[in-house]
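Chain identifiers are assigned alphabetically (A, B, ...) following the order of the sequence lines, protein sequences preceding nucleic acid strands; residue numbering begins at 1 within each chain. Treat the numbers as computed from the prediction; the structure is a model and nothing was measured. Hydrogens, waters and symmetry mates play no part in the numbers below; they use all other heavy atoms, side chains included.
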Number of protein chains: 2
Amino acid sequence: MNEHPISCCPGKNHKMERFLEVCLLLLLYNEIGHGYGLMEQLEQFGFTKEELNVSTLYRTLRKMEKEALVCSCWEEGGPGPKRRTYEITDAGKEDLAQWINILKMRKSMIEQLIAVYAETTQNDKETK
Amino acid sequence: MNEHPISCCPGKNHKMERFLEVCLLLLLYNEIGHGYGLMEQLEQFGFTKEELNVSTLYRTLRKMEKEALVCSCWEEGGPGPKRRTYEITDAGKEDLAQWINILKMRKSMIEQLIAVYAETTQNDKETK
DNA sequence: GTAGACTATATGCATGATGCATATAGATAT
DNA sequence: ATATCTATATGCATCATGCATATAGTCTAC
């Protein structure tokens with residue numbers, strides 16, 4: 001996530017805080033993965049390559065392992081350098097389920113805010 | 001925001017990072033307000049009194065003033081202690097407009113994630 | 001008239017998430 | 001042999017937040 005996080009508002013800092021963690025859990029729910037490969041898969045959730053911060057990705061994965069949400073092992077033999085592959089644990093699945101609830105709430109809070117904003121700017125126009 | 005942030009998942013830390021700032025800007029778009037009074041108004045965006053951290057509220061307001069998104073002055077004469085009342089600036093209105101775009105994106109990212117999760121857990125059940 | 005409750009704002013300290021820069025190293029290509 | 005790509009990791013600085021605590025004026029009930 002270098003320079004301009006998302007193109008629409010250059011210079012504005014609006015990282016997705018912890019959202020990355022949830023995306024990773026979901027991707028690993030579907031299949032075992034490794035850091036570098038997960039980066040590409042993250043695009044389906046709206047991350048672009050420019051936004052993605054590699055350090056954050058790897059550190060997040062290690063943190064998740066510390067919390068026993070995922071477990072890792074080295075995969076050797078394939079082409080290129082060794083990969084640390086991650087697998088979701090049962091605790092990780094539970095954690096993901098909780099996050100989904102949180103995100104559902106967060107979504108409705110955002111919707112409410114957008115609705116109030118629309119109303120407010122509407123009134124603003126009318127009184128001009 | 002003491003103890004358990006949101007009742008559904010006790011112990012889980014899922015603060016709304018910076019969302020507070022956007023809510024405050026929107027409330028101040030509608031009318032001049034002061035810290036303590038804004039707290040109550042925040043309920044309409046899903047914040048509960050237990051979740052709200054007074055320190056964060058006041059500090060956020062002061063930070064926003066430093067960034068010239070709002071300006072403040074002391075209101076005297078009314079009942080109770082003096083209040084520092086805040087008013088949104090033009091820069092604040094522009095900032096809010098940018099945040100709305102960001103939140104719209106964030107919303108669609110969340111929706112995408114929830115959809116993928118639903119699909120994933122569906123497959124999970126079927127293969128059992 | 002004073003003790004306690006309520007309104008109101010502010011700040012120090014610790015923690016945690018993130019961005020940026022940098023380090024390391026094996027594999028592949030030219 | 002050198003450059004590029006894949007792959008993982010870490011140090012440093014900054015920022016947002018939670019918790020605890022400080023300060024002080026106002027209002028109410030006794």
Side-chain angles (χ1 to χ4, degrees), chain A residues 1-6 10-24 33-42 47-67 70 72-86 99, chain B residues 1-6 10-24 32-42 47-67 69-70 72-86 99:
Chain A
M1 314 183 186
N2 314 313
E3 303 222 344
H4 305 318
I6 295 182
K12 175 143 286 297
N13 180 13
H14 50 284
K15 43 194 177 179
M16 286 294 285
E17 304 103 355
R18 306 268 272 155
F19 186 70
L20 178 64
E21 187 176 329
V22 191
C23 292
L24 289 172
H34 66 282
Y36 210 81
L38 287 163
M39 275 209 302
E40 285 182 19
Q41 290 184 268
L42 283 170
F47 290 97
T48 69
K49 275 179 180 157
E50 302 81 52
E51 290 158 28
L52 270 173
N53 186 320
V54 197
S55 336
T56 306
L57 178 69
Y58 282 108
R59 254 181 312 184
T60 303
L61 285 167
R62 303 313 308 273
K63 193 200 68 173
M64 284 159 66
E65 185 169 27
K66 219 184 251 176
E67 291 164 351
V70 296
S72 77
C73 55
W74 286 101
E75 178 199 78
E76 295 190 60
K82 278 193 299 183
R83 295 165 167 180
R84 187 191 284 277
T85 56
Y86 288 92
W99 273 116
Chain B
M1 313 185 187
N2 314 314
E3 304 222 342
H4 306 317
I6 294 183
K12 174 142 286 297
N13 181 12
H14 50 284
K15 42 191 177 184
M16 287 296 283
E17 303 101 358
R18 305 269 271 155
F19 186 70
L20 178 63
E21 186 176 329
V22 190
C23 293
L24 289 173
I32 291 173
H34 66 282
Y36 210 81
L38 287 162
M39 275 208 302
E40 286 182 19
Q41 291 184 269
L42 283 169
F47 290 97
T48 69
K49 274 179 181 159
E50 301 80 52
E51 290 158 28
L52 268 174
N53 186 320
V54 196
S55 337
T56 306
L57 177 69
Y58 283 107
R59 254 181 311 186
T60 303
L61 285 168
R62 303 312 307 273
K63 193 201 70 177
M64 283 159 67
E65 185 169 27
K66 217 184 251 175
E67 291 164 349
L69 305 178
V70 296
S72 78
C73 55
W74 286 102
E75 178 199 77
E76 297 190 59
K82 276 193 300 182
R83 295 164 167 180
R84 188 191 284 277
T85 55
Y86 288 93
W99 274 115

Starting at [atom1] of [X] and ending at [atom2] of [N], how long is that distance when rounded to a whole Å?
X       : N      : atom1 : atom2 : answer
A:Leu57 : C:dA21 : CG    : C1'   : 17 Å
A:Leu52 : C:dC20 : CG    : P     : 12 Å
A:Glu17 : D:dT14 : CD    : C1'   : 14 Å
A:Asn53 : C:dT22 : CG    : P     : 14 Å
B:Met64 : D:dT17 : CE    : P     : 12 Å
A:Leu20 : C:dA17 : CG    : C1'   : 11 Å
B:Glu67 : D:dT14 : CD    : C1'   : 14 Å
B:Glu75 : D:dT26 : CD    : P     : 13 Å

Looking at B:Lys63, I'd like to know whether one of its side-chain N or O atoms comes within less than 4.0 Å of OP1 or OP2 on D:dA16.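 Answer yes for this pair, as a side-chain N or O of B:Lys63 is under 4.0 Å from OP1 or OP2.
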Can you see whether A:Glu65 engages A:Ser72 through a side-chain donor-acceptor pair at a distance of less than 3.5 angstrom?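 A donor-acceptor contact under 3.5 Å links the two side chains.
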With a 4.5 Å cut-off on side-chain heavy atoms, are B:Arg18 and A:Lys15 touching?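 Answer no - side chains too far apart.
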Using side-chain heavy atoms (C-beta onward) and a distance below 4.5 Å, is B:Tyr86 in contact with B:Cys73?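 Side chain of B:Tyr86 against side chain of B:Cys73, heavy atoms only: no contact under 4.5 Å found.
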Between A:Glu21 and A:Lys63, does any side-chain N to carboxylate O distance fall below 4.0 Å?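 Looking at A:Lys63 together with A:Glu21, the answer is yes, because their closest N to O distance falls below 4.0 Å.
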Criterion side-chain contact (heavy atoms from CB on, under 4.5 Å) against B:Leu20, the qualifying member of B:Leu61, B:Asn53, B:Thr60, B:Leu38: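 Exactly one option meets the side-chain contact (heavy atoms from CB on, under 4.5 Å) with B:Leu20, and it is B:Thr60.
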Taking all non-hydrogen atoms of both residues, which atom of B:Tyr36 and which atom of B:Tyr58 are closest, and how far apart?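 Distance-wise, the nearest heavy atoms are N-OH, 3.4 Å.
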Determine, for nucleotides 7-13 of chain D in 5'-to-3' order, which nucleotides have protein heavy atoms under 4.0 Å from the base (write B), from only the sugar-phosphate (write S), or from neither (write -). BBSBBB-
